[in-house]
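Each ligand, and each atom within it, is numbered from 1 in the order the structure gives.
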Amino acid sequence: MSSLDIRSMTQETLGEWLKENGQPAFRAKQIREWLDAGVTDFLQMTNLPKDLRATLAAEFTIPGVTILRKLTSAIDGTVKYLFRLDDGETVESVLMQYKHGWSQCLSTQVGCKMGCTFCATGIGGFIRNLSAAEMMAQIETAQKDAGVRVSSVVLMGMGEPLDNYDNVVQFLRMLGQEGGVHIGMRHISLSTCGVVPGIYRLMKEQIPLTLSISLHAPNDEIRSRTMPVNRRWPIDELLTACREYIEATGRRISFEYAMINGFNDSDAHAEELADRLQGVLCHVNLIPVNAVAGKAQQRSSRLRIQNFMKVLEKRGINVTVRRTLGADINASCGQLRRQADQQDEGKEALP
Ligand code: SAH
Ligand code: SF4
């Protein structure tokens, strides 16, 4: 059975394979150009000799994603995809339009091990990691389908990127290469729930992306109630890693804070958060929490969010409220896959 994923091979390894098979080195560039153009069948690589096409097809696979479902927001044009992977698993991805261009939110795993209680992805547990090629294929497929060019990427879809460290870093390096889907690291954000060893590894990679930390609470007591990861790496340890990250990279960190009504959204919580973030080069992004079927959580009122924001501003903390995109299509990740799963199991679809 052919199993080697050609998209995840570097130009050098592919070049070596070609050499061993008596082919000139320029074939590597030709193959790469076809892959970058989104071709998923070796037989369509018409500038390669026929026997080489057949050998490639026997030796390698070109992992791709296909569109299983697609929802387009009537409000703002946000597109949410449910992609099918080659083994039948599914992941979500969202395409959003901003003034500066199109941004895509990608999944890095099927499911997630981290079990955050407010998150739809966490509910079904972990299934598997995505390969670098499967992350790339999400962009290629969305670009082709929507007829747009994606100019920025956020790793905020399904899964915990730092729990799939090697594949994510390989994907980031592929994105940085000229040709094909080429996106500079300054247009990439990676969001983590706080996998501390991953933050230390990432700071040594010299990848100038924007690191986002899903903080969501001002103290360990509240954070551990919704985020089990906090019991392993509590806030102090996490913030120490963040300070070192900022020092090593010179880059500001973004803290995500989901506003949950009556849980983490009081003025006192804002004061406590400000105390913790004092002196940290950062930006706080307040996110009205999204409702998830089967969970009691509700988003804080607009007024509550404004007041929380005022406290942080008064304390000199840079803060914004995240714009809600795709409100009519439930654009936060994890929901569509769950709906599809439940329908497949013959249960009633979620509202
Ligand atoms: N695993 C990573 C990235 C994927 S989750 C992480 O946790 O950071 C992307 C973001 O969505 C995180 O900030 C996460 O906390 C947030 N999120 C998850 N469920 C949410 C919900 N129901 N409402 C609002 N934000 C949510
Ligand atoms: Fe995983 Fe992130 Fe969801 Fe937590 S919020 S369960 S880390 S995807």
If only side-chain N and O atoms count, and only distance matters, is there a donor-acceptor pair under 3.5 Å linking [Y] with [X]?
X	Y	value
Ser151	His100	no
Tyr81	Gln104	no
Ser152	Ser103	yes
His269	Asn264	no
Glu160	Thr192	yes

Is there a heavy atom of [X] sitting under 4.0 angstrom from any atom of ligand 1?
X	answer
Cys112	no
Gly159	yes
Met114	no

inquiry  = Taking atom NZ as the centre, does Lys113 end up with more than 12 heavy-atom neighbours from other residues, nucleotides or ligands that are less than 6.0 angstrom away?
reply    = yes
Ranking Phe118, Phe255, Tyr257 by closest non-hydrogen atom to atom 18 (C) of ligand 1, top hit is Phe118
Handout entry: Closest to atom 14 (C) of ligand 1 (judged by heavy-atom distance), picking from Glu160, Glu256, His216
Key =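 Considering heavy atoms of Glu160, Glu256, His216, the nearest to atom 14 (C) of ligand 1 sits in His216.
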Under 4.0 Å between heavy atoms, the region of Val292 that gets near ligand 1 turns out to be side chain
Evaluate the ring planes of Tyr257 and His216, with Trp represented by its six-membered ring, and classify them as parallel (under 30°), tilted (30 to 60°) or perpendicular (over 60°).
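If you compare the ring of Tyr257 with that of His216, the planes turn out perpendicular.
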Locate the shortest heavy-atom distance separating Arg27 from Asn47; write the atom from each residue and the value.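 Residues Arg27 and Asn47, closest heavy atoms: NH1-O, 3.6 Å.
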Using a distance threshold of 2.8 Å, what protein N/O/S atoms lie below it relative to atom 1 (Fe) of ligand 2?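 As for protein N, O or S atoms lying under 2.8 Å from atom 1 (Fe) of ligand 2, they are Cys112 SG.
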